[in-house]
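Here's the structure, in structure tokens; my notes come after.
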Amino acid sequence: MIWPAAMNEHRTIPTPTALIADMGARARAAAAIVSQASTAAKSAALQHAAKALRETRDTILSANKDDMTRGTANGLSPALLDRLKLDPERIEGIAGALESVASLPDPVGELIDSSTPPNGLELSRVRIPLGVIGIIYESRPNVTADAGALCLMAGNAAILRGGSEAIESSRAIHGCLVTGLRKAGLPEDAIQLVPTTDREAVGAMLRASGLIDIIVPRGGKGLVARVQDEARVPVLAHLDGICHTYVHAAAEPEMARSIAVNAKMRRTGICGAMETLLIDAQFPDAAALVAALIEAGCEVRGDEAVQALDNRVVVVAAEDWDTEYLEPIVSAAMVEGLDAALAHIAAHSSGHTDAIVTEDLDAATRFLATVDSAIVMHNASSQFADGGEFGLGAEIGISTGRLHARGPVALEGLTTYKWIARGKGNIRP
Ligand SMILES: NC(=O)C1=CN([C@@H]2O[C@H](COP(=O)(O)OP(=O)(O)OC[C@H]3O[C@@H](n4cnc5c(N)ncnc54)[C@H](OP(=O)(O)O)[C@@H]3O)[C@@H](O)[C@H]2O)C=CC1
Ligand SMILES: N[C@@H](CCC(=O)OP(=O)(O)O)C(=O)O
């Protein structure tokens, strides 16, 4: 267990459960203050944090170097090391994201709608923060800044549990967020970082009913299994991306090739990368589509019909249809028409992002209406699944659950609402 003493030198080391209880109580007190904080104060905290990031760039890079050295020694894959790595450009990107969140409209207090029913009450729905948000996320250091910033701007307190491989980088970035809070006169406990890599702290967060209002788990299969078993706190799932691209019979061949190659190969390690390609049996240019992926450096694992297109195609196994590779590997099946594609996606999609490529608007409309994923796309690469790309400033992640918020979650997704009823002495008959 890594337990940075500097973070808690005034405390005795408690059990993970006691640690989360203590952090939860402090977060609750901070949430009461930040829920009422002015837009100016929240923005100022993020502006100061961005400044601190730039001023302590070398310290952050040195912390990241420690994480990278440990990660390399522990045999992390190139994709994981790429997610973990910071450089001056990435730190500038993180600072820029803080500034862009700081400049977004404040969702807190926004009037959603209003009405006056026959009983004469003046009703309105007004946006309010969710409260205390616990985020469990992978070893990508920018998430510490993005998640902390989005939670704060939406008036919430955050308890951040980042991936263990990034602990030193996350600590350094979290230090900048705390500097920003302090300089803006907001409570430092509004954004806390779990100071241990002990996974029992994850369990304690999942069971922290009453202390944490909602948990955002952002990660893969191991995390999913634990969340499903143990969560006693409402969950806003941001889980794995088994994303499909269906190339319909009426797809424009060149567009289909460039979308498929981009969806798989632009960045293979992100959750919005295509993992399965479905090729309509009537699509006339299937061999060139498969060849384009192979020539871009992708291993294609295909069913018999796909194998017949190109002798470089590898035999697919049943488990491939449910595998998130996060590597330059794709599973590929030939399907007999739109209904077969819809059935495959319904059976194997993780509900993240699925796309159709076609010039047939009726087929596209049916696909978009039928596929039950957080994001459905027509003639576009699934790699666009991203809060920044959707104009939301940043994202806490892509929600793959069905309730509350779906797809890229940013400020609005981190709020709820309350009904306000104004009367003039109204009593119910
Ligand atoms: N939908 C979305 O928005 C996103 C989804 N993802 C998904 O994340 C995955 C890649 O990230 P990866 O690095 O594998 O993430 P992991 O799921 O391995 O880790 C994510 C976090 O969960 C913790 N965790 C994992 N398993 C357990 C467990 N059994 N008990 C307690 N804590 C656990 C990790 O802790 P520890 O450090 O101890 O391992 C880490 O903090 C992919 O599946 C990708 O699709 C990634 C980004 C965004
Ligand atoms: N939505 C983000 C990526 C989210 C994601 O998958 O993150 P990660 O798995 O940490 O690389 C993007 O498109 O850049």
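First listed ligand is number 1; within each ligand, the first listed atom is number 1.
- If you check each of Arg218, Glu165, Arg161, Glu395 against atom 36 (P) of ligand 1, the one with the closest non-hydrogen atom is Arg161.
- Residue Ile398 has at least one N or O atom closer than 3.5 Å to an N or O atom of ligand 1.
- The shortest N/O to N/O separation between Ser164 and ligand 1 falls below 3.5 Å.
- A salt bridge between Glu200 and Arg226 is present, with a side-chain N of the basic residue lying under 4.0 Å from a carboxylate O of the acidic one.
- In terms of polar-atom proximity, defined here as any N/O pair under 3.5 Å, Glu138 makes no such contact with ligand 1.
- Here the protein heavy atom with the shortest distance to atom 1 (N) of ligand 2 is Glu395 OE2, 2.8 Å.
- Each of the atoms 37 (O), 40 (C), 41 (O) of ligand 1 lies under 4.0 Å from some heavy atom of Gly163.
- In this structure, atom 38 (O) of ligand 1 lies nearest to the protein heavy atom Arg199 NE, 2.9 Å.
- If you check each of Arg140, Arg226, Glu200 against atom 31 (C) of ligand 1, the one with the closest non-hydrogen atom is Arg226.
- Nearest-residue assignment for atom 5 (C) of ligand 1 (options Leu239, Ile396, Leu160; heavy-atom criterion): Leu239.
- Annotation: atom 12 (C) of ligand 2 to nearest protein heavy atom, Asp386 OD1, 3.2 Å.
- If you look at His238 next to ligand 2, there are no close heavy atoms at all, none under 4.0 Å.
- Contacts with ligand 2 closer than 4.0 Å are made by backbone heavy atoms (N, CA, C, O) of Ala385 only, the side chain lying farther away.
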